[in-house]
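Structure, as structure tokens:
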Amino acid sequence: MMTNATYTEELGFIKEQMKAAVNQFNTIQQINHKDTFDLVTDVDIAVETFLTEQIHAHFPCDRILAEELHKSNSWEGRVWTIDPIDGTVNFANSMPIYGIQASLVEDGDIKMGVIYLPVYDTFYWAIKGEGSYRNGERIHTSSIEQLEDTIVSFGDFSHTCKAWNDYEHALIRILPDKVAKIRFFGAACFDFSMLSMGATGAHIMFTTNAWDIYPGLIIALEAGAVATNLKGGDYNREDGNLLVACNKQISQKLLSLIINKIGYQ
């Protein structure tokens, strides 16, 4: 079993490689459609290829699960998740809300997560059991306790799963007169960063993509967040839905509202 000292070493490694990737690949030359509603740029491909090559050079036995090209089918041993550009549509349209994110998972357990927001030159990171940090400063989720003071961010609507899409629309209908504000940033890296530093109070997303979830999830949890599925049970990626709240009080109040108003099938 690896020690936290090793994760600290690898944290420094991946942060260095993220910076190097941004320095080398920062100008879009080509944009393609992955499907009707989603884009991929040559920068996505270049960053993922670069990070994968660096990881394999330093840790040749590790697996890679990344958004574009590398799809490990096993969580046995050590697996890196990589999202080379999280928020590609924002990035491709010159919106400054995007980032690079990665996590290190060992035998299915998330051990370390890193988010880099290049426009702001800001890193968020966490090692399991050691807290969360923003450019070296310890961060914590908000201590708010009332829904009317809570900003809730949502992930993008699904274009592949009608049930997820319908449920997210239902949530949007019931929450506006219960919470302070609703936000759609269009990038999980930003959703989790804002939650972890106390700027927002909760995030709701519908996906099973580990590269979207795992880096920010461990950062949020280490900052004090509570994660459940929308039934209020323990979070499992295969559920396809996730509620991350800044604290237990906000989590319970949101879940009570959601379950009583619309439930979850």
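These numbers were taken from a predicted model, which means no experiment stands behind them.
Put simply, Ile151 and Val179 are part of two different groups of oily side chains (I, L, V, M, F, W, Y) that touch within less than 4.5 Å, one to the next. Phe123 and Tyr120 fall within the same hydrophobic cluster, defined by Ile, Leu, Val, Met, Phe, Trp and Tyr side-chain heavy atoms under 4.5 Å apart, directly or through other members. Cluster membership check: Ile174 shares its hydrophobic cluster with Ile204, using side-chain heavy-atom separations under 4.5 Å among Ile, Leu, Val, Met, Phe, Trp and Tyr. Linking Ile, Leu, Val, Met, Phe, Trp and Tyr whenever their side-chain heavy atoms come within less than 4.5 Å leaves Met95 and Phe192 in two separate clusters.
Minimum interatomic distance between Thr141 and Ala225 (heavy atoms only, all atoms of both residues): CG2-N, 3.8 Å. Nearest heavy-atom pair across Ala210 and Pro215 is O-CD, 3.7 Å. Val226 approaches Asn247 most closely through the heavy-atom pair CG2-C, 3.8 Å. Across all non-hydrogen atoms, the minimal contact from Ala188 to Asp86 is N-OD2, 2.9 Å. Across Glu222 and Gly129, no two heavy atoms sit closer than the pair OE2-N, 2.8 Å. Heavy-atom minimum distance, Cys189 versus Gly99: SG-N, 3.5 Å.
Using bins of under 30°, 30° to 60° and over 60° for the plane-to-plane angle, the ring pair Tyr214/Trp75 lands in the tilted bin. The aromatic rings of Tyr98 and Phe91 are tilted relative to each other, their planes meeting at an angle between 30° and 60°.
For the side chain to side chain contact (heavy atoms under 4.5 Å, CB included) with Val114, the lone residue among Lys15, Glu10, Gln101 that qualifies is Lys15.
To the nearest 0.5 Å, the span separating CD1 on Ile127 from CD1 on Ile218 amounts to 8.5 Å. Note: Glu16 CD to Gln54 CD = 9.0 Å, rounded to the nearest 0.5 Å. Interatomic distance, Leu255 CG to Lys248 NZ, rounded to the nearest 0.5 Å: 11.5 Å. Atom CD1 in Ile139 sits 8.0 Å away from atom CZ in Arg134 (nearest 0.5 Å). The distance from atom OG1 of Thr200 to atom CD1 of Ile144, rounded to the nearest 0.5 Å, is 8.5 Å. Rounding to the nearest 0.5 Å places CG of Leu51 at 8.5 Å from CD1 of Ile64.
Formation of a donor-acceptor pair under 3.5 Å by the His203 side chain with backbone atoms of Val244 is not found in this model. A distance-only check finds no donor-acceptor pair linking the side chain of Asp83 to the backbone of Ile100 [under 3.5 Å].
With sequence neighbours excluded, no residue forms a ring pair (Phe, Tyr, Trp, His ring centres under 6.0 Å) with Tyr124. Scanning for salt bridge (Lys or Arg N to Asp or Glu O under 4.0 Å) contacts around Asp234 gives an empty result, with sequence neighbours left out. Every residue two or more places apart in sequence or in another chain that forms a ring pair (Phe, Tyr, Trp, His ring centres under 6.0 Å) with Phe157 is listed here: His169, Phe184.
Side-chain contact between Trp164 and Glu168: absent, with no pair of heavy atoms (C-beta onward) separated by less than 4.5 Å. Counting heavy atoms from C-beta on, the side chains of Thr207 and Asp156 never come closer than 4.5 Å. When side chains are defined from C-beta on, Met194 counts as touching Met197, because their heavy atoms get closer than 4.5 Å. Side-chain contact between Leu147 and Ile250: present, with at least one pair of heavy atoms (C-beta onward) separated by less than 4.5 Å. In this structure, the side chains of Ile45 and Pro84 stay at 4.5 Å or more apart for every pair of heavy atoms. Put simply, the side chain of Phe206 reaches to within 4.5 Å of the side chain of Leu171, judged on heavy atoms.
Using a 4.0 Å cut-off between charged nitrogen and carboxylate oxygen, Arg183 and Asp191 do not count as a salt-bridge pair. With salt bridges taken as basic N to acidic carboxylate O contacts below 4.0 Å, one links Asp109 and Lys128.
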### Message
For Tyr167 and Ile258: C-alpha separation, side-chain torsions, deciding distance, then whether side-chain contact (heavy atoms from CB on, under 4.5 Å) applies.
### Response
CA-CA 10 Å; Tyr167 199 83; Ile258 291 168; 3.1 Å; yes
#### Entry: side-chain contact (heavy atoms from CB on, under 4.5 Å) assessment of Ile219 paired with Leu195
CA-CA 9 Å; Ile219 296 170; Leu195 176 65; over 6 Å; no
### Task
For side-chain hydrogen bond (donor to acceptor under 3.5 Å, both in side chains), just list the numbers for Asn241 and Tyr235, CA-CA rounded to whole Å, side-chain angles, deciding distance to a tenth of an Å, and then say yes or no.
CA-CA 8 Å; Asn241 63 82; Tyr235 166 69; over 6 Å; no
### Message
As a quick check of understanding, evaluate side-chain contact (heavy atoms from CB on, under 4.5 Å) for Ile55 and Ile82, giving each step before the final call.
### Response
CA-CA 11 Å; Ile55 291 170; Ile82 300 173; 3.7 Å; yes
### Task
In sequence, state the C-alpha distance, the side-chain angles, and the governing distance for Ile14 and Trp80, and then conclude on side-chain contact (heavy atoms from CB on, under 4.5 Å).
CA-CA 10 Å; Ile14 197 63; Trp80 293 80; 3.9 Å; yes
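Shown here is Glu76, whose CD atom has no more than 12 heavy atoms of other residues, nucleotides or ligands within 6.0 Å.
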